[in-house]
Amino acid sequence: MKFLPISFLILALAVATTLAYDPDPLQDICVATNDLESGVFVNGKFCKDPKQTTADDFLFMGLRNPGNTSNPLGSQVTQAFVDQFPGLNTLGISMARIDFAPGGLNPPHTHPRGTELLVVVEGTLLVGFVTSNQLNNTLFTKVLYKGDVFVFPIGLIHFQLNIGNTYALAFSGLSSQNPGVITIAKAVFGATPPISAEVLTKAFQVDKKVVDYLEAQFWYDNN
């Protein structure tokens with residue numbers, strides 16, 4: 001009996017690891033639907049009746065056209081997550097298209113539920129990610145050219161910057177149907193309601209006037 005607590009600990013760790021990512025599907029297809037009378041609730045979405053599913057449910061044409069980069073960031077992310085592409089439901093994957101004007105930036109952000117694999121289709125991008133405090137917030141960065149692929153580990157802050165003089169295009173694959181996006185600057189200084197100035201002045205070691213200025217800015221979201 002003295003080994004029982006250790007057994008429970010091992011079981012708990014195994015269960016926690018199993019639940020850390022999107023669960024494996026237990027059916028062939030589970031196209032998401034907003035029709036609450038349609039079927040079973042699975043992983044945040046109701047499933048369309050498989051007998052009513054068609055090939056169109058597995059087609060998404062939203063990544064065909066360039067995104068509008070006429071914004072303060074000079075970039076636009078077009079998502080193909082489960083909310084936009086219901087056929088992804090329960091499949092544990094998603095995509096995004098990222099368009100960049102010259103000098104355009106996809107600002108520091110994280111995906112709390114997915115690793116991102118980026119491939120450059122056109123242009124030249126400076127990309128990077130920062131490790132956690134455990135690894136001393138080390139920056140890993142590279143310049144990518146057409147055809148290059150780079151991976152951003154799940155949950156870590158990362159960015160992409162067009163350092164070329166021409167338009168750039170990249171596509172991302174993500175290891176979740178709904179990886180989520182947290183844009184760091186917007187989350188910290190554009191939170192609703194605002195984070196306490198006392199918290200931010202101490203966290204960033206700056207004067208309250210700096211915090212007030214940053215909180216007064218319009219934090220554009222390119223997603």
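Values below: all heavy atoms of this structure, side chains included; hydrogens, waters and symmetry mates excluded.
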Participant: Using distance alone, with no hydrogens and no angle criterion, decide if Asn106 and Asn222 have a side-chain donor and acceptor under 3.5 Å apart.
Facilitator: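 Yes, side-chain donor-acceptor contact under 3.5 Å.
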
Participant: Each residue besides Phe218 in its hydrophobic cluster should be listed here, by chain and number; the cluster joins Ile, Leu, Val, Met, Phe, Trp and Tyr at side-chain heavy-atom distances under 4.5 Å.
Facilitator: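 Members besides Phe218, by chain and number: Leu73, Tyr220.
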
Participant: Main chain of Gly62, side chain of Asn65: is a donor-acceptor contact present, judged purely on distance under 3.5 Å?
Facilitator: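 No: the side chain of Asn65 does not pair with the backbone of Gly62.
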
Participant: Can you measure from OG1 (Thr69) to CD1 (Ile98) and round to the nearest 0.5 angstrom?
Facilitator: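 So the gap between those two atoms works out to 13.0 Å.
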
Participant: With rounding to the nearest 0.5 Å, note down the distance linking OG in Ser175 to CD in Glu116.
Facilitator: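 Those atoms lie 10.0 Å apart.
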
Participant: Which pair of heavy atoms, one from Ala191 and one from Ile195, lies closest together, and at what distance?
Facilitator: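 Between these two residues, the closest heavy atoms are CB-CG1, 4.1 Å.
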
Participant: Counting C-beta onward and ignoring hydrogens, is there a side-chain heavy-atom pair between Phe171 and Met95 closer than 4.5 Å?
Facilitator: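 Side chain of Phe171 against side chain of Met95, heavy atoms only: contact under 4.5 Å found.
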
Participant: Rounded to the nearest 0.5 Å, how far does SG of Cys30 lie from CG of Asp57?
Facilitator: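 With rounding to 0.5 Å, CG (Asp57) is 11.5 Å from SG (Cys30).
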
Participant: Which atom names give the shortest non-hydrogen contact between Ser94 and Gln177, and what distance separates them?
Facilitator: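 Looks like CB-O, 4.0 Å.
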
Participant: I'd like to check Val206 versus Val211 (side-chain heavy atoms, cut-off strictly below 4.5 Å). Are they in contact?
Facilitator: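 Touching, per the 4.5 Å side-chain cut-off.
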
Participant: Nearest heavy-atom pair of Ala170 and Leu118: which atoms, and what distance?
Facilitator: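 Looks like CB-CD1, 3.7 Å.
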
Participant: State, yes or no, whether a side-chain contact exists between Ile157 and Ile184 at a heavy-atom distance under 4.5 Å.
Facilitator: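 The answer is yes, as the side chains (C-beta and beyond) meet within the 4.5 Å cut-off.
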
Participant: Looking only at atom types and distance, does a side-chain atom of Trp219 sit under 3.5 Å from a main-chain N or O of Leu214, one as donor and one as acceptor?
Facilitator: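 Yes, because the side chain of Trp219 sits within donor-acceptor range (under 3.5 Å) of the backbone of Leu214.
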
Participant: Tell me whether Gln217 contacts the main-chain N or O of Tyr213 through its side chain, where contact means a donor paired with an acceptor under 3.5 Å.
Facilitator: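 Present.
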
Participant: Heavy atoms only: give me the nearest Thr183-His109 pair and the separation to one decimal.
Facilitator: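 For Thr183 and His109, the tightest heavy-atom pair comes out as CA-CB, 3.9 Å.
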
Participant: Is it true that atom OH of Tyr145 has more than 12 heavy atoms of other residues, nucleotides or ligands lying nearer than 6.0 Å?
Facilitator: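 Result for OH/Tyr145: open.
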
Participant: Heavy-atom distance under 4.5 Å between the side chains of Leu156 and Val130, does that happen here?
Facilitator: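 With C-beta onward as the side chain, the pair stays apart.
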
Participant: Which heavy atom of Asp99 sits nearest a heavy atom of Leu169, and at what distance?
Facilitator: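 Smallest interatomic distance, heavy atoms only, reads OD1-CD1, 3.6 Å.
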
Participant: Between atom OG1 of Thr166 and atom CD of Glu122, what is the distance when rounded to the nearest 0.5 Å?
Facilitator: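 So the OG1 of Thr166 and the CD of Glu122 are separated by 8.0 Å.
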
Participant: Quick one: do Lys45 and Asp83 satisfy salt bridge (charged side-chain N to carboxylate O under 4.0 Å, His left out)? Show the steps, please.
Facilitator: CA-CA 9 Å; Lys45 298 288 182 180; Asp83 285 341; 2.5 Å; yes

Participant: Would you please test Gln76 and Asn71 for side chain to side chain contact (heavy atoms under 4.5 Å, CB included) and show each step?
Facilitator: CA-CA 8 Å; Gln76 184 65 51; Asn71 57 63; 3.7 Å; yes

Participant: Apply side chain to side chain contact (heavy atoms under 4.5 Å, CB included) to the pair Val149 and Leu117, showing each step before the final yes or no.
Facilitator: CA-CA 7 Å; Val149 178; Leu117 192 68; 3.6 Å; yes

Participant: Would a hydrophobic clustering, with Ile, Leu, Val, Met, Phe, Trp and Tyr connected at side-chain separations under 4.5 Å, put Leu63 with Ile93?
Facilitator: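 Same cluster.
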
Participant: Does any non-hydrogen side-chain atom of Asn89 lie less than 4.5 Å from one of Val82?
Facilitator: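 Val82 reaches Asn89 side chain to side chain.
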
Participant: For Phe159 versus Pro107, what's the shortest heavy-atom pair and its separation?
Facilitator: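 Residues Phe159 and Pro107, closest heavy atoms: CB-C, 4.2 Å.
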
Participant: Please check this pair: side chain of Thr141 against backbone of Val127, looking for a donor-acceptor N/O pair closer than 3.5 Å.
Facilitator: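 Confirmed, Thr141 side chain pairs with Val127 backbone.
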
Participant: Ring centres under 6.0 Å, that's the criterion: do Phe189 and Phe204 meet it?
Facilitator: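 Yes, ring centres under 6.0 Å apart.
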
Participant: Please check this pair: side chain of Gln205 against backbone of Lys202, looking for a donor-acceptor N/O pair closer than 3.5 Å.
Facilitator: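 Side chain of Gln205 to backbone of Lys202: a pair is present.
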
Participant: So for atom CG, which belongs to Asp207, do other residues, nucleotides or ligands contribute more than 12 heavy atoms lying within a distance under 6.0 Å?
Facilitator: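 More than 12 within 6.0 Å, yes.
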
Participant: Any side-chain heavy atom of Leu200 within less than 4.5 Å of one from Glu215?
Facilitator: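 Result yes, sub-4.5 Å side-chain heavy-atom pair found.
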
Participant: Using the ring centroid of each side chain, check whether Phe129 and His158 are separated by less than 6.0 Å.
Facilitator: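 Centroid distance Phe129-His158: not below 6.0 Å, so no.
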
Participant: Quick one: does His111's side chain get under 4.5 Å of Ile154's, heavy atoms only?
Facilitator: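 In short, these two side chains do not touch, never coming nearer than 4.5 Å.
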
Participant: Determine, stepwise, if the pair Thr110 / Phe152 fulfils side chain to side chain contact (heavy atoms under 4.5 Å, CB included).
Facilitator: CA-CA 9 Å; Thr110 71; Phe152 305 102; over 6 Å; no

Participant: I need the Leu88 CG to Leu91 CG distance, nearest 0.5 Å.
Facilitator: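 These two atoms lie 6.5 Å from each other.
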
Participant: Is it true that Val121 and Leu144 fall in one hydrophobic cluster, defined by side-chain heavy atoms closer than 4.5 Å?
Facilitator: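 As far as the 4.5 Å side-chain criterion goes, Leu144 and Val121 are not connected within one cluster.
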
Participant: Taking only residues two or more places apart in sequence or in another chain, which ones pass side chain to side chain contact (heavy atoms under 4.5 Å, CB included) with Asn162?
Facilitator: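 Asn162: side chain to side chain contact (heavy atoms under 4.5 Å, CB included) contacts with Phe100, Leu125, Ala168.
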
Participant: Indicate, with yes or no, if Leu139 and Ile163 share a hydrophobic cluster defined by side-chain heavy-atom contacts under 4.5 Å among Ile, Leu, Val, Met, Phe, Trp and Tyr.
Facilitator: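 The answer is yes; both residues are in one hydrophobic cluster.
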
Participant: Is there a donor-acceptor pair under 3.5 Å between the side chain of Ser176 and the backbone N or O of Asn178?
Facilitator: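 Judged by distance alone, yes, a pair lies under 3.5 Å.
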
Participant: Any heavy-atom pair between the side chains of Asp148 and Phe150 that's under 4.5 Å?
Facilitator: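 No, every pair of side-chain atoms sits at 4.5 Å or beyond.
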
Participant: Any chance you could lay out the side chain to side chain contact (heavy atoms under 4.5 Å, CB included) test for Lys208 and Thr201, step after step, and finish with the verdict?
Facilitator: CA-CA 6 Å; Lys208 185 177 182 297; Thr201 54; 4.0 Å; yes

